[in-house]
Amino acid sequence: MRIFDPHIHMTSRTTDDYEAMHAAGVRAVVEPSFWLGQPRTSPAAFLDYFDSLLGWEPFRAAQYGIAHHCTLALNPKEANDPRCMPVLDELPRYLVKDHVVAVGEIGYDSMTPAEDTALTAQLQLAADHELPALVHTPHRDKLAGLRRTLDVVRESALPAERVLVDHLNETTVKEAKDSGCWLGFSVYPDTKMDEDRMVAILKEYGPEKVLVNSAADWGRSDPLKTRRVGEAMLASGFGDDDVDRVLWRNPVAFYGLSGRLDLDVTGTAATHEGNSVLRGGE
C-alpha cells in the first residue's frame, strides 16, 4: 500500500513518526503551514517557520525515504491578529519556491471580517501564482462555514477544480462535492472523522477527488491514520485500486496541479546546513 498524506504537520512530530510512517507505506507528505498553538506576534516568526518548511523539514523527511512538500499561507486563526496580517505582503516571494505546491491553510476559523479579507487575498495569490489552494473549514458551525467558503471561492479568480476543501464530514460533503472542489477528510483519534465513518462516506459518494489525511499535529493525533483508513477500506470490500486512488493517485493529481510535485527522494544529503538528524552525530 503506497500512501501520500496530503495534510500532516510534521514540524510537531518526531523522527520516530517518520520511521513508522515509512514502514506503513507513506512515501510522500504535504505539510500545510498552520497555527502552532502559541500565538505568533510578528511576521518574522512566520518567515522563520516558512523557511523551516522549505529546508529542514524536507531534509528530515528524506532521511526516512519520504518526499516532503508544503503549502504556505497566513492561517485563518492568526488572520485575526493585526500584528500578523503583514505576512500577506511577504507571501509572494515564498510562493515561487519549488516545494510550495499550494496556498494553504486558508479559510475560516471564527468567520470574522479579518478572515474574509485574508481568504479573499490568498485565493487571489493562488490564482496569480498558478497554484491550487488548500482551504480549512471551521471546526465550529461547519455547514455555515463551508457555505461561506464556497461563496468566496465562487467570487474569486481561482476555479473550484483547483481548490481542496478540507476537514469535511457528513454534514458538509454533499455541498462540497456539488461545488466541484476536491474533498479533504481528516481522520483523528477523538474528533473530526474516524475510519468507519470515512469508509461509509466513500461508499455513499465514491472515491473521486477524495483525499484522506491524518492532519497529525501537536494535539492528540495519529500519523498512521491514513494506513488505517486503507485497511478499513479493504476490510469493507473496496479493492486495491480504490485504496490506491484515495491514498495516492488523488493527492498526486491535486498537488500535481502546481507543476512542482517531485516524489523522488534519492541522493539525499547527509546534513542540512551542517546539521544532521542525529543529535551530536557525524
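Just so you know, residue 1 is the first one in the sequence shown, and it goes up from there.
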Task: Listed once per pair and sorted, the ring-ring contact (aromatic ring centres under 6.0 Å, His included) pairs that draw on residues 73-93, sequence neighbours left out - done: none
Task: Short side-chain donor-acceptor distance under 3.5 Å, His167 and Ser186 - done: yes
- [ ] Take Glu231 and Arg228 through the test salt bridge (Lys or Arg N to Asp or Glu O under 4.0 Å) and record every step on the way to the result.
- [x] CA-CA 5 Å; Glu231 292 170 345; Arg228 302 192 205 290; 5.3 Å; no
Task: Distance-only donor-acceptor check, side chains Glu31 and His68, under 3.5 Å - done: yes
Open item on the list: Regarding Asp116 and Arg148, does a basic nitrogen lie under 4.0 Å from an acidic carboxylate oxygen?
Closed with: yes
Task: Derivation and outcome, side-chain contact (heavy atoms from CB on, under 4.5 Å), residues Asp242 and Met233 - done: CA-CA 8 Å; Asp242 289 323; Met233 288 178 67; 4.2 Å; yes
- [ ] Share the residues that join Phe4 in a hydrophobic cluster, the rule being Ile, Leu, Val, Met, Phe, Trp or Tyr side chains under 4.5 Å apart at the heavy-atom level.
- [x] Val30, Val101, Leu134, Leu164, Trp182, Leu211, Trp248, Val252, Phe254, Tyr255, Leu257, Leu261, Leu263
Task: From CA spacing to verdict: salt bridge (Lys or Arg N to Asp or Glu O under 4.0 Å), Asp241, Arg245 - done: CA-CA 6 Å; Asp241 186 70; Arg245 182 175 192 173; 5.9 Å; no
TODO: May I ask you to decide whether Asp109 forms a salt bridge with Arg140, counting only side-chain N to carboxylate O separations under 4.0 Å?
DONE: yes
- [ ] Might you work through the side chain to side chain donor-acceptor pair (under 3.5 Å) test for Asn75 and His136, ending with a clear yes or no?
- [x] CA-CA 9 Å; Asn75 66 81; His136 166 105; over 6 Å; no
TODO: Quick one: do Met1 and Leu234 satisfy side-chain contact (heavy atoms from CB on, under 4.5 Å)? Show the steps, please.
DONE: CA-CA 11 Å; Met1 188 184 299; Leu234 293 173; 4.0 Å; yes
TODO: Determine whether Phe185 and Ile201 make a side-chain contact, defined as any pair of heavy atoms from C-beta on separated by less than 4.5 Å.
DONE: yes
Open item on the list: Is the shortest side-chain heavy-atom distance between Arg27 and Ile3 below 4.5 Å?
Closed with: no
Open item on the list: Using side chain to side chain donor-acceptor pair (under 3.5 Å), reason through Arg13 and Ser221 one step at a time and then give a plain yes or no.
Closed with: CA-CA 10 Å; Arg13 313 302 303 194; Ser221 50; 3.0 Å; yes
Task: Residue pairs involving residues 80-99 (criterion ring-ring contact (aromatic ring centres under 6.0 Å, His included); sequence neighbours excluded) - done: Phe50-Tyr94, His69-His99
Open item on the list: Any heavy-atom pair between the side chains of Pro92 and His129 that's under 4.5 Å?
Closed with: yes
Open item on the list: Side chains of Asp217 and Ser12 only: does a donor on one sit below 3.5 Å from an acceptor on the other?
Closed with: no
Open item on the list: Set out, in order, the CA-CA distance, both residues' side-chain angles and the distance that settles salt bridge (Lys or Arg N to Asp or Glu O under 4.0 Å) for Asp5 and Lys225, then state yes or no.
Closed with: CA-CA 9 Å; Asp5 193 329; Lys225 279 294 189 183; over 6 Å; no
TODO: Could you check if a side-chain atom of Arg227 sits within less than 4.5 angstrom of a side-chain atom of Leu247, using non-hydrogen atoms only?
DONE: no
Task: Heavy-atom pair with the smallest gap, counting every atom of Arg40 and Cys84 - done: O-SG, 3.5 Å
Open item on the list: I need the minimum non-hydrogen distance between Pro138 and Gly145, along with the two atoms involved.
Closed with: CG-CA, 3.7 Å
TODO: State which residues pass side chain to side chain contact (heavy atoms under 4.5 Å, CB included) with Arg147; sequence neighbours excluded, sorted by chain then number.
DONE: Leu143, Glu175
Open item on the list: Nearest 0.5 angstrom please: Glu204 CD to Glu170 CD, how far?
Closed with: 9.0 Å
Open item on the list: Which heavy atom of Pro82 sits nearest to which heavy atom of Pro86, and what is that distance?
Closed with: O-CD, 3.5 Å
Task: Main-chain N/O of Gly180 paired to Lys209 side chain as donor or acceptor, under 3.5 Å - done: yes
Task: Side-chain heavy-atom pair Val153, Leu158 within 4.5 angstrom cut-off - done: no
TODO: Among Ile, Leu, Val, Met, Phe, Trp and Tyr joined by side-chain contacts under 4.5 Å, find the other residues sharing a cluster with Tyr188 and list them by chain and number.
DONE: none
Open item on the list: Taking side-chain hydrogen bond (donor to acceptor under 3.5 Å, both in side chains) as the definition, give me every residue that meets it alongside Gln124, ordered by chain and number, with sequence neighbours left out.
Closed with: Asp128
Task: Phe34 ring center within less than 6.0 Å of His9 ring center - done: yes
